[in-house]
2 protein chains.
Amino acid sequence: MRLTTKGRYAVTAMLDLALQEGKKPVTLQDIAVNQEISLSYLEQLFARLRKSGLVRGTRGPGGGYRLAKKMDAISIAEVISAVDENVDMTGCGGRGDCLDGEKCLTHELWMELSNKIFGFLSDISLGELVRRPAVIVVAERQAAVREGLRSGRLKTVVVDANTVVGNLK
Amino acid sequence: MRLTTKGRYAVTAMLDLALQEGKKPVTLQDIAVNQEISLSYLEQLFARLRKSGLVRGTRGPGGGYRLAKKMDAISIAEVISAVDENVDMTGCGGRGDCLDGEKCLTHELWMELSNKIFGFLSDISLGELVRRPAVIVVAERQAAVREGLRSGRLKTVVVDANTVVGNLK
DNA sequence: CTCAAATCCAACTGTTTTACTTGGTTTTCA
DNA sequence: TGAAAACCAAGTAAAACAGTTGGATTTGAG
């Protein structure tokens, strides 16, 4: 599972659609202005989203895009997978059968982690996100939080979290 | 949180170190051969890991790299953040204060998702990963393969390993 | 003591992906 | 019927990724 700015564009665009559900279809022009990215690049992303059955486009004046499914039935993993190239990151297809000792063992470990991330993102839907769940800065079980919530400590965590977001433009 | 092959290289390399804990330090040459990537590229990745205080290098013959902390105290988020570029290109610095209506709302929603992912990966340590049951299965299988024991028993073990990992996509 | 093994370092090159650009065509509503 | 929108394809520019080259420093092994 790859996670880049491309995936972020796709997810935020889908969130735009989810936020407008029930109203008129959303034009890519609107999204392009909102998110400050090029119209044609958005078109390319939406071509993939459409092929994956996540959005439905209607042409002509008054047209635009709508979600093809209920927002609660669309996971973040689906959206990101739709726009990602399908690259095998392990080289052995994640089957752990490249029979190369140490190398294959770490491949197997990476797939474990990759599966975890994929499962995690499969459990988060667009609907959950737009309903703005009570997420504090970082997950509650995080080590820093466990060590005690001194204000200075918390601030550090906030900065770290923002840095992560900042990396994704 | 950016999640690319670069992050995979870093994580798998760190797993290599974790698997060798207690033994001699691991040379980048060994990792380069195992993972089939260039030595100099690894050096660049490890320069970042070292600056982040995740590994300690010792020079000279018999030298190499060791984990700078206990493997249970090193999270996947730390490792990936260490090798990621750190350029903030957001208009609002990820704080969701760009005050631009729709655009800023989706920024905020993305930030919540990004925080969730960061927290999730902060909760997974190298130690947890190397202790996964599937790892032991694979390690056993690889040992068996090395001994040339291609049997029905071996086949069963392979299937077991695939079952554990086989739920991606 | 010396030499080779290893980290450490910097600047450069090639490759791939990302993001954008251009210039269309089709569809369909107002 | 004309404009608004999706749809399409081929290219360029910029960025990130990955590797290359050519060192220097440190230090254990012989």
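Just the heavy atoms: all of them, side chains too, but no hydrogens, waters or symmetry mates, feed the values below. Numbered from 1 within each chain, the chains take letters A, B, ... in sequence-line order.
- More than 12 heavy atoms of other residues, nucleotides or ligands shown are found within 6.0 angstrom of NZ on B:K69.
- Each of D:dC7, D:dA9, D:dT20 was ranked by its minimum atom distance to the side chain of A:Y65; first place goes to D:dC7.
- Distance A:F46 CZ to D:dA6 C1': 12 Å, rounded to the nearest Å.
- Dashed line: the shortest gap from a side-chain N or O of A:R50 to OP1 or OP2 of D:dC8 is under 4.0 Å.
- Straight-line distance from the CD1 atom of B:I80 to the P atom of D:dC17: 12 Å, rounded to whole Å.
- Look at CG on B:L42: it is 12 Å from P on D:dT20, rounded to the nearest Å.
- Here the side chain of B:S52 pairs no donor or acceptor atom with the backbone of B:L54 at under 3.5 angstrom.
- In summary, A:E43 and A:R50 do not engage in a salt bridge, as defined by a charged side-chain N under 4.0 Å from a carboxylate O.
- In this structure, A:E43 places its CD atom 9 Å from P of D:dC7, rounding to the nearest Å.
- Nucleic acid contact for B:T27: sugar-phosphate only, since backbone atoms but no base atoms lie under 4.0 Å from a heavy atom of the residue.
- When the P atom of D:dG19 is taken as reference, atom CD of B:E36 falls 11 Å away, rounded to whole Å.
- Counting to the nearest Å, the C1' atom of C:dT18 and the CZ atom of A:R2 are 10 Å from each other.
- In this pair, A:Y65 and A:F46 present their aromatic rings tilted. The plane angle is within the 30 to 60° band.
- Residue A:Q44 is classed as a base contact, given a heavy-atom separation below 4.0 Å to a base.
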Using nucleotides 28-30 of chain D, report all nitrogen or oxygen pairs with the protein that are shorter than 3.5 Å.
from   : atom 1 : to    : atom 2 : distance (Å)
D:dG28 : O4'    : B:P61 : O      : 3.3

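- Rounded to whole Å, atom P of C:dT7 lies 12 Å from atom CZ of B:R66.
- Picking from D:dC17, C:dT21, C:dT17 the nucleotide with the shortest atom distance to the side chain of A:S38 gives C:dT21.
- Between B:T58 and B:L39, the residue anchored nearer the 5' end of DNA chain D, judged by the nucleotide with its closest heavy atom, is B:L39.
- Although no hydrogens or angles enter the test, the distance criterion places no donor-acceptor pair under 3.5 Å between the side chain of A:S114 and the main chain of A:W110.
- B:M14 pairs in a side-chain contact (heavy atoms from CB on, under 4.5 Å) with only one of the listed residues (B:I31, B:L67, B:L19), which is B:L67.
- Residue B:L28 places its side chain closer to C:dT7 than to any other of C:dC9, D:dA6, C:dT7.
- A salt bridge links A:R131 and A:D72; the closest N-O separation between the charged side-chain nitrogens and carboxylate oxygens is under 4.0 Å.
- For A:S40, the side-chain atoms get nearest to D:dA9 when compared with the rest of C:dA19, C:dT17, D:dA9.
- Comparing C:dA19, D:dC17, C:dC9 by their nearest atom to the side chain of A:Y41 picks out C:dA19.
- Atom CG of A:L49 and atom P of D:dC8 are 14 Å apart (whole Å).
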